[in-house]
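All residue numbers refer to positions in the sequence shown, counting from 1. Below, all heavy atoms of this structure are taken into account, side chains as well, without hydrogens, waters or symmetry copies. This is a predicted model, so every value here is computed, not measured. Each ligand, and each atom within it, is numbered from 1 in the order the structure gives.
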Amino acid sequence: MPAVKSPTLNPEPLGPEQRSTIDDIAAIMRSAEYTVAMTGAGMSVESGIPPFRGADGLWTRYGTPPMDGFSQFRKDPVGWWNRRTNEKIDSHILELRDALTSAKPHAGHFALAGMERAGKLKSVITQNIDGLDEKAGLVNLIEIHGNRGKLRCLECGRRESLGDIVPLFAPGPCDECGGLVKFDTVMFGEPIPDDVMAAARAEIDRADCVLAIGTSATIRPASGLLWIAEAAGAKIVEINPTATKLTRLCEVSLRSTAGRALPALLNALT
Ligand code: APR
């Protein structure tokens with residue numbers, strides 16, 4: 001499997017201009033009442049998990065997967081699970097699964113947890129399913145695309161942690177209601193569970209500062225929350241080595257990686 005050789009995996013040290021921008025971001029956060037972070041796949045690149053888009057993205061290398069995964073699952077859940085047992089699954093899933101299994105939180109994840117403990121960051125809405133934010137100690141965390149380490153009942157929403165087990169066989173019906181159980185990960189074509197979407201929207205509605213970290217801001221409804229925040233008057237701060245469609249709305253954009261920028265931002269804040 002092609003290893004990820006992302007230039008953003010081994011970022012350059014911060015230069016004077018980036019350090020000045022970090023001071024600007026710290027000033028914005030200090031004057032804000034309620035700062036929320038929205039993170040994307042770029043947040044976990046320095047943990048060895050490839051992004052989806054951009055030069056080293058999984059979709060860039062393997063092509064975008066079918067967008068009807070959820071409807072295929074609902075049509076034939078047992079068949080879907082069986083395809084995972086005989087390894088007849090796409091190369092990008094195998095690459096992503098290997099990376100997810102060995103990934104550990106990096107300094108950027110721990111820096112966000114430090115900002116939360118210092119009261120400078122109220123919550124994190126992550127689009128990532130890797131569970132690294134929780135492992136780094138973040139408490140007020142909303143996993144808007146679910147968590148690959150959990151199962152979820154489609155009927156009653158009951159979630160169950162898998163620990164380190166990656167099930168290869170269809171789990172039984174929900175213990176609570178007998179409903180259909182799947183990975184908690186939100187599939188393409190699957191609505192974000194109402195409870196999760198409501199929690200994320202409530203955080204965005206309270207935010208007067210939103211850090212957009214490592215996201216291309218392309219997938220709705222998650223990324224749409226960034227536009228909603230900006231329209232409501234929140235200051236948007238982008239931390240990303242490359243510009244995105246969100247950049248033009250940002251108060252400040254820092255061209256750096258999560259692993260470099262966030263520890264420096266924590267230092268500037270505390
Ligand atoms: N630090 C910060 N940002 C980085 C880094 C890094 N080390 N490396 C890459 N990036 C940036 C890229 O420049 C890009 O803008 O992270 C972003 C990753 O974008 P995507 O791969 O599109 O990931 P994301 O925005 O999270 O995608 C949203 O799309 O495929 C679905 O469900 C999937 O949750 C995902 C959603």
Side-chain angles (χ1 to χ4, degrees), residues 4-14 18 21-22 25 37-70 90 92-93 95-96 99-100 103 105-109 111-112 124-133 142-148 183-193 196-197 200 210-227 236-248 250 253-265:
V4 175
K5 295 241 180 311
S6 162
T8 57
L9 195 59
N10 305 301
E12 293 300 315
L14 295 169
Q18 289 162 315
T21 305
I22 283 170
I25 297 171
M38 158 87 69
T39 64
M43 180 74 214
S44 297
V45 164
E46 286 150 288
S47 291
I49 301 175
F52 296 99
R53 298 168 188 83
D56 300 295
L58 282 169
W59 303 161
T60 312
R61 287 182 283 128
Y62 292 105
T64 304
M67 293 290 126
D68 63 350
F70 185 54
D90 302 333
H92 78 270
I93 295 279
E95 181 180 333
L96 189 53
L100 286 165
H106 61 69
H109 291 104
L112 288 182
V124 171
I125 302 166
T126 185
Q127 299 172 81
N128 301 333
I129 61 168
D130 52 39
L132 295 181
D133 311 276
I142 298 166
E143 295 174 308
I144 197 166
H145 288 159
N147 183 312
R148 54 111 43 182
F183 277 123
D184 183 36
T185 302
V186 175
M187 300 166 95
F188 282 115
E190 178 182 2
I192 292 174
V196 171
M197 199 62 209
V210 179
L211 309 179
I213 306 167
T215 182
S216 61
T218 41
I219 293 296
R220 294 178 181 254
S223 65
L225 294 172
L226 296 164
W227 272 261
I236 310 296
V237 169
E238 181 176 63
I239 296 176
N240 192 322
T242 58
T244 69
K245 56 175 71 172
L246 183 73
T247 303
R248 64 182 179 77
C250 293
S253 280
L254 173 61
R255 293 290 163 254
S256 178
T257 68
R260 281 267 186 241
L262 295 173
L265 181 55

Report task. Go through the steps for I219 and R53 under the test side chain to side chain contact (heavy atoms under 4.5 Å, CB included), then give the verdict. Result -> CA-CA 11 Å; I219 293 296; R53 298 168 188 83; 3.2 Å; yes
Report task. Please state whether P241 comes within less than 4.0 angstrom of ligand 1, counting heavy atoms only. Result -> yes
**Report entry** Pairing residues for D184 by the salt bridge (charged side-chain N to carboxylate O under 4.0 Å, His left out) criterion, not counting sequence neighbours
**Finding:** R152, R159
**Report entry** Nearest-0.5 Å distance, NZ of residue K245 to CH2 of residue W227
**Finding:** 6.0 Å
Query raised in the report: What's the spacing between L265 CG and I25 CD1 if we round to 0.5 Å?
Result: 6.0 Å
Quick one: which ligand 1 atoms are inside 4.0 Å of a heavy atom on [X]?
{"X": "P51", "answer": "21 (O)"}
{"X": "W59", "answer": "30 (O)"}
{"X": "F188", "answer": "30 (O)"}
{"X": "G40", "answer": "26 (O)"}
{"X": "E46", "answer": "1 (N), 6 (C), 7 (N)"}

Evaluating non-hydrogen atoms only, which member of [options] is closest to [atom]?
{"atom": "atom 31 (C) of ligand 1", "options": "R53, R220, M38", "value": "R53"}
{"atom": "atom 15 (O) of ligand 1", "options": "T39, D56, I49, N240", "value": "N240"}
{"atom": "atom 36 (C) of ligand 1", "options": "I239, L254, T247, I219", "value": "I219"}

Can you find an N or O of [X] that's nearer than 3.5 Å to an N or O of ligand 1?
{"X": "V45", "result": "no"}
{"X": "T242", "result": "yes"}
{"X": "N128", "result": "no"}
{"X": "Q127", "result": "yes"}
{"X": "M43", "result": "no"}
{"X": "G214", "result": "yes"}
{"X": "T257", "result": "no"}
{"X": "A258", "result": "yes"}

Under 4.5 Å between any side-chain heavy atoms of [X] and [Y], yes or no?
{"X": "P221", "Y": "I192", "value": "yes"}
{"X": "S44", "Y": "H109", "value": "yes"}
{"X": "R255", "Y": "T247", "value": "yes"}

Query raised in the report: Could you go step by step and tell me if Q18 and E12 meet the side chain to side chain contact (heavy atoms under 4.5 Å, CB included) rule?
Result: CA-CA 11 Å; Q18 289 162 315; E12 293 300 315; over 6 Å; no
Query raised in the report: Are I239 and R260 close enough, and set up right, to give a side chain to side chain contact (heavy atoms under 4.5 Å, CB included), and what steps lead you there?
Result: CA-CA 10 Å; I239 296 176; R260 281 267 186 241; over 6 Å; no
Query - Within reach of ligand 1, part of H145 (heavy-atom separation under 4.0 Å) - result: side chain
Requested in this report: Kindly give the heavy-atom pair with the smallest separation between A212 and L246, and that separation in Å.
Outcome: CB-CD2, 3.5 Å
Query raised in the report: Going through the distances and angles, do T126 and M43 end up as a side chain to side chain contact (heavy atoms under 4.5 Å, CB included)?
Result: CA-CA 9 Å; T126 185; M43 180 74 214; 6.0 Å; no
